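All figures in this text were calculated on a predicted structure; none of them were measured in a lab. Below, chain A is the first sequence line, B the second, and so on; all start at residue 1.
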Amino acid sequence: MVELPKAYNPREVEDRIYQDWEKNGYFSARPDPAKKPYSIVIPPPNITGILHMGHALNNTIQDILIRFKRMRGFEAEWMPGTDHAGIATQNVVERRLAKEGVKRQELGREKFVEEVWKWREEYGSTIIRQLKKLGCSCDWPRTRFTMDEGLSGAVLEVFERLYKKGLIYKGSYIINWCPRCQTALSDEESQHRDVEGMLYYIKYPVKGSDEHVIIATTRPETMLGDVAVAVNPQDKRYKALKGKTLLLPILDRELKVIYDRLVDAKFGTGALKVTPAHDPVDFELGRKYALEEINVMNGDGTINASGGDYEGMDRFEAREAIIEDLKERGLFVKSEAHRHAVGHCYRCHTMVEPRLSPQWFVKMAPLAKPAIEAVKSGKIKFYPARWTKVYLDWMENIRDWCISRQIWWGHRIPVYYCKKCQGEKGIVVSRVKPEKCPSCGSAEMEQDPDVLDTWFSSWLWPFSTFGWPKETPELKYFYPTDSLVTAQEIIFFWVARMIMAGLEFMGDTPFKDVYIHGTVRDMTGTKMSKSLGNVIDPLDMIAKYGTDALRFSIISITAQGQDVYLSESKFELGRNFANKIWNASRFIMMNLKPEELSVDLCAFFKGMKLTLAERWILSRFYTTLGYVEECICKYKFNEAANAVYEFLWHEFCDWYIEISKSTIGEKSSQVILYKVLEKSLRMLHPFMPFITEEIWQKLPRPKDTAGESIMVQPWPHAQKEMISKDDEEDMGRVIALVASVRNMRAAWNIEPRAEIRAIINTHDPKDEKLFSGSSELIKRLARLLDLAIGRHAKPKSSAAAVIGRSDVYLPLEGLIDFEKEKARLGKELMRMEGEMKGLRSRLGDKNFTSKAPAEVIGKQRERAAELEIQIKKMKENMSEVAG
RNA sequence: GGGCACUUAGCUCAGUUGGUUAGAGCGUUGCGCUCACAUCGCAGAGGUCAGUGGUUCAAGUCCACUAGUGCCCACCA
């Protein structure tokens, strides 16, 4: 006899159980030729990361997959690790140093990087500990870090290979520059946001005349770098400008007039100021017409020496100052409100400055080609499928990837420059510092100061973590991985690039399925973020409701790929469910006689004549099991979770356990309760790992599994022969009968404790047999003193209901209000007649009977026949009432 | 400018390949005898599926358009 607390207390069990799992090495996987591999690589969280609901959702899904596959006999590897998150981490450490009054520049590069490593030692695994709180069954001993030795080696290897192949190049182009982080960003790292800006109209004088051209710009400060004015050749307004020269206001620089189709005559005045160093379109024009490229800004967004008197001003200050000066000179025409999209740094949200700058790039088109094919051919599938198009659209319009960053934390670019040689000759790509320049022999070689984009290491994650470029047994066995589970935000950053890298360096796709789950939002639909203060902290929820509750709730309310709107109250769902399971198990264990359980189940079932309820619950279990398997395989986790919930709570607890209470001492009940509970725990385990383990450990078990863990038990074996649709239907009728008696009792305010008589009137032999066979059950569940079954007339003053082809009467002498009963029955009759009308018109329609499949027609005929009987009965019942 | 998603009960959402009476959780109403559970039980009320048109024997489910909401992408300065 086991004594257990009335309520499940997750805090008491979770850490203990997790430690046990970890200690026993249950999370580890190793190449095993006897087993099939199943592998997932975790989307490596940033070392600066703190567990948020997005992580909770993402990692719960992965854990469900891994635990499910592990139980199904796969060698299931969940590769964990963290990302060094270049800019993000550098920012965090810089802020920390700033609090102590230290600037990174004062510290110097080497010392600063040391500081970051120290920070990482101290805080970098916070997120890992939090993932453990979530119950994640990652193969922790293999944990990797994008800056560890092996992965850094992979990064250098890749850089070298791509450089040799001509797919990495250096050049001066317009890139997105973050003046706060003071580094280049890739196109993906510059996120467009609508901004309420202004469009300023400025007069550019025509040299040697009183005329002028009005141009419109949103960034007047960039005029300091203007070298031309461009108009559309079709634009009649500016035909007369041909051959003339304009003067740049303030600086009095001479500007050419260019005629190019790129200019949209409809925008502004149709005249475009050309600033090749600060705008992508202008840059293109600049290269096309060999214009000078004047960079007017420093890295921090202040105006540089090319900006004349404005030197040293911040870009926005300079904007104001220039407008003032233009107004003074009478060259300012007007300004108007102008809403437009402007790039912002994805890390610090500072407005990005397009800026000409020498950077390293990866040529993407050749890499994209096979990656497009891999998805088009179906070798990689997206779930939900709609992301396929998003992926393909991006890939088909892919642009080169700016990979150099002007920060210190990251993989240093493995390129050395000879101080003496100019240009190409003096460039050496090498993992180690070359002793001398291969061209001139000089020993003065200097490494490129830049580091690589963080994603330049993450895109190698599915194979670098398994030891690539070495051909390790792990790499051979676990690559390609199976499922990638991630959020939509990083399809371009990460998913697409991993596919390209996998194909390029491994010659094979890195995974088969990509499951894109939704974004976690608050109840107003806003994305949860720390800065908005609308976060629900998963760790708080774990403390309050338990990990299983958190996991189950978030899974069950998140439909495939849909965003989820979260509020704290949603976690009650999971907590209540956990408590329900706890108490059902407690009840079963209190009544379990272990000696009854040492039976061979198959032999037992063969030899035993099971009751309808017993056959029914087994059938329902195996039906549910099959459905859950199917849903997990299709990434429909909410449907799987809800099926388990419905089965356990509403079928097993509400009906079967209640039914079993009268027979609980008997062997058959003992075995069924135990078996269904034990198997259900295994079915539920991937979703709620802790409570299932805790209960399973307390359950009496066959000797050979004693002491082991539920997480290494096999997934319940599907036994189709246990599924019987007939039994499920029959039990459904019994349940309907009980429910309708209860309904009538409630409608007529029969005291719950009052035991009354009921009469079933049936002419249907099947019903008679069914209800007779279950009469004890029905009597108990409906609290009946007596149940008469057969051909009976309706007693006077009785309530009535129709169940299938039979009636049930409750003689209620003196308790019935005839008018009320008539109304109650009348409402039901109306519903039936409404349905009947629909059926009749369909069945009478030749189009329907000739075109619909026979099966559908048959079903409707059957239904109509039954409904006809029901309506007849209902009318009789009503006339009785009237009489 | 392009693309995607969403609009189903008071609230938050499910709804497989179109096929009988559209589901859940929460909330709500009534009743709670019962020795697993009030983080509970039993019973009930409550939607015609944003709108319009179409395809079909049959549409919440497919198509088109409209309206609203949200998101992503995009070099009109």
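- One cannot find a donor-acceptor pair under 3.5 Å joining the base of C37(B) and the side-chain atoms of R586(A).
- Ring geometry, W649(A) versus F577(A): the interplanar angle falls under 30°, so the pair is classed parallel (tilted spans 30 to 60°).
- At C75(B), one or more side-chain N or O atoms of R399(A) fall inside 4.0 Å of OP1 or OP2 (strictly under the cut-off).
- Taking the P atoms as reference points, G23(B) lies 24 Å from U29(B), given to the whole Å.
- Between Y515(A) and F637(A), the two ring planes are perpendicular [angle over 60°; tilted spans 30° to 60°].
- Comparing G46(B) with G32(B), their C1' atoms are spaced 23 Å from each other, to the whole Å.
- Regarding contacts with the backbone of A14(B), every side-chain N or O of K636(A) stays at 4.0 angstrom or more from both OP1 and OP2.
- Taking atom C1' on both G47(B) and G15(B), the two are 14 Å apart, rounded to the nearest angstrom.
- Within the nucleic acid shown, R219(A) has no heavy atom closer than 4.0 Å to any nucleic acid atom.
- Remark on RNA chain B: of its neighbouring residues N749(A) and Q560(A), the 5'-side contact belongs to Q560(A), judged by nearest-heavy-atom nucleotide.
- Taking atom C1' on both G54(B) and A58(B), the two are 15 Å apart, rounded to the nearest angstrom.
- Within 4.0 Å of R863(A), counting heavy atoms only, lies at least one base atom of the nucleic acid.
- G2(B) and A64(B) have their P atoms separated by 16 Å, with the value rounded to a whole Å.
- Applying the 3.5 Å distance criterion, the base of A38(B) shares no donor-acceptor pair with the side chain of K6(A).
- Counting any heavy atom pair closer than 4.0 Å across all strands shown, A584(A) reaches a base atom.
- Taking side-chain N and O atoms only, W655(A) has no distance below 4.0 Å to OP1 or OP2 of C42(B).
- Phosphate contact (OP1/OP2 of A77(B), side-chain N/O of H340(A), threshold under 4.0 Å): present.
- Rounded to a whole Å, the OH atom of Y645(A) is 10 Å from the C1' atom of C26(B).
- One finds a side-chain N or O of N743(A) lying less than 4.0 angstrom from the OP1 or OP2 phosphate oxygen of G44(B).
- In this model, the phosphate group of A77(B) is approached by a side-chain N or O of H338(A) to a distance below 4.0 Å at OP1 or OP2.
- Residue side chain E658(A) reaches the base of A36(B) through a donor-acceptor N/O pair under 3.5 Å, judged by distance alone.
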